[in-house]
Asks: 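Before I ask anything, let me first share the structure, which is written out below as structure tokens.
A note on names: the letters A, B, ... follow the listed sequences, proteins ahead of strands, and every chain is numbered from 1.
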2 protein chains.
Amino acid sequence: MSLKHAILSMVISQPKSGYDIAKEFSGSVNFYWGASHQQIYKTLAELENNQWLAVEGIAQLGKPNKKNYSITAKGREELLLWVEQPSKKPSAKNILLVKLLTLEEVGKDVLIKVLNDHQLKAEQNLKTYQNIEEEFFSNGVEDIKELYYVSKYLSLRYGINHAKGELLWLEETLQVLEGRK
Amino acid sequence: MSLKHAILSMVISQPKSGYDIAKEFSGSVNFYWGASHQQIYKTLAELENNQWLAVEGIAQLGKPNKKNYSITAKGREELLLWVEQPSKKPSAKNILLVKLLTLEEVGKDVLIKVLNDHQLKAEQNLKTYQNIEEEFFSNGVEDIKELYYVSKYLSLRYGINHAKGELLWLEETLQVLEGRK
DNA sequence: GCTCCCATGTAACCGGTTACATGATTGG
DNA sequence: CCAATCATGTAACCGGTTACATGGGAGC
């Protein structure tokens, strides 16, 4: 799995708690990766067990105590190994294409409706991403080559590219379907 | 899950055995869905239990016996319901973007290598898909509107669109990385 | 004799989701 | 008073992967 490695990557620059990581996962990181807090805490426990992360308990005033995790030398080694090894992509699953298999059974009208719904969502997604991109540049981040911003910017670009690609395919597909009797 | 529904979709036009379904999953269907034979047999058993599929044992000469599954009325109902209900897309996971988070730690050279490897694979994929598309049209399938070919063609188009989108993003990303000191 | 094709399964494990659980502090 | 934020977990379940298992027939 690579949730382990995603978490390792997220704590290399600074120690973080499970809560911090969960917040990141529900923010911009969510464009390309996701995890529930339950899964995060479970994985953190494993990472600590492997000694890829070290914990430090922190007592806070007026807030619950928290645990700050930081990467160990062993963790850094593991990360490097993982990055270098070829990443087999998970078998892409596309529900829309499965639904298209049912064309004969359910008829084209149902499928056109399904595709239209999806199109709407994809358009909204694209707009959201593009808004974020605009903010990105208007907020004084002229030089995306700044280390800190590179990965954020690239994941945004990834989201935008993919939303556009999906929309193209949806248009194509709707045309084919609508062309049918 | 929708493996259940994927299988239901695959047997609406004609009864199939687990082996048949596994073969389809390792063929063109694999562009957008995948399943191991173990998972397929397990799921078929469940589907039979739900009475969404009916089985017929078939004795064969010179070959192992097989079980032919066909969809029931109940199965058809379920399929229709499923198609109509909005399909929440699974949280897209992109390992490359996680790897990019490690830029600071591992350095850009390692990441450029990783991205180049990926680029090569994506290019090969695209070529494969395009070859299949060519065959598609040269094999006398002039009219893709023929019911039988629609979903196959559209899944091919999906594969091609996405491979192209990925390549664009990879180029963009490599330029950003190479622009960095 | 070896390998591939046909054909169907069991068992252990793993990663992730859903539901349940707790409890103080801050801001409207 | 209510909702949100901070903060961490347990337990049951589910879908999927990996490894193991069997066995005849066809073609080289």
Asks: If only side-chain N and O atoms count, and only distance matters, is there a donor-acceptor pair under 3.5 Å linking B/E166 with B/H118?
Replies: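 There is such a pair (donor and acceptor under 3.5 Å, judged by atom type) between the side chains of B/H118 and B/E166.
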Asks: Given 3.5 Å as the limit, does a donor-acceptor pair link the side chain of A/T72 with the main chain of A/G75, or not?
Replies: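 Indeed, once roles are kept as given, a pair shorter than 3.5 Å links the two residues.
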Asks: Tell me the closest heavy-atom pair linking A/L8 and A/W52, and the distance in Å.
Replies: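 Here A/L8 and A/W52 meet closest at CD2-O, 3.9 Å.
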Asks: Check step by step if side-chain hydrogen bond (donor to acceptor under 3.5 Å, both in side chains) holds for A/D20 and A/S17.
Replies: CA-CA 5 Å; A/D20 295 332; A/S17 68; 3.1 Å; yes
Asks: Look at A/E178 together with A/K108 and state whether they make a salt bridge at an N to O cut-off of under 4.0 Å.
Replies: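 Judged by the 4.0 Å cut-off on N to carboxylate O distance, A/E178 and A/K108 do not form a salt bridge.
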Asks: Is there a residue in residues 35-43 of chain A whose heavy atoms reach under 4.0 Å of DNA chain D, and which residues are they?
Replies: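 Contacting residues: A/H37, A/Q38, A/Y41.
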Asks: Using a cut-off of strictly less than 4.0 Å, decide whether B/Q60 has a side-chain nitrogen or oxygen near OP1 or OP2 of C/dC6.
Replies: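 No, because none of the side-chain N or O atoms of B/Q60 sits under 4.0 Å from OP1 or OP2 of C/dC6.
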Asks: B/Q119 pairs by side-chain contact (heavy atoms from CB on, under 4.5 Å) with which of B/L115, B/N116, B/D117?
Replies: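 Option passing the side-chain contact (heavy atoms from CB on, under 4.5 Å) with B/Q119: B/N116.
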Asks: Between A/E56 and A/K67, does at least one N-O distance fall below 4.0 Å, as a salt bridge requires?
Replies: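 No salt bridge links A/E56 with A/K67.
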Asks: Nearest whole Å is fine: how far is C/dT25 C1' from A/Y19 OH?
Replies: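 These atoms are roughly 12 Å apart.
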Asks: In this structure, are over 12 heavy atoms from other groups packed under 6.0 Å from A/K74 atom NZ?
Replies: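 Enclosed.
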Asks: Using the ring of A/W82 (Phe, Tyr or Trp, six-membered ring only), decide whether B/K99 places NZ or CZ under 6.0 Å from its centre and within 45 degrees of its axis.
Replies: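 Yes.
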Asks: From the 5' end of DNA chain D to its 3' end, which nucleotides mark the outer limits of contact with chain B, defined by a 4.0 Å heavy-atom distance cut-off (strictly under)?
Replies: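 Contact span on the strand: D/dG15 to D/dG25.
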Asks: Measure from the side-chain N and O atoms of A/N94 to the backbone N and O of B/Y32, and report whether any donor-acceptor pair falls under 3.5 Å.
Replies: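 It does not hold such a pair.
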Asks: To the nearest 10°, let me know how far the axis at one end of the helix from C/dG1-D/dC28 to C/dG28-D/dC1 is tilted from the axis at the other, five pairs an end.
Replies: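 Overall, the helix from C/dG1-D/dC28 to C/dG28-D/dC1 bends by 30° from one end axis to the other.
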Asks: Considering heavy-atom distances to DNA chain C, does B/N65 or A/E46 have its closest nucleotide positioned more toward the 5' end?
Replies: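 Residue closer to the 5' terminus by nearest nucleotide: B/N65.
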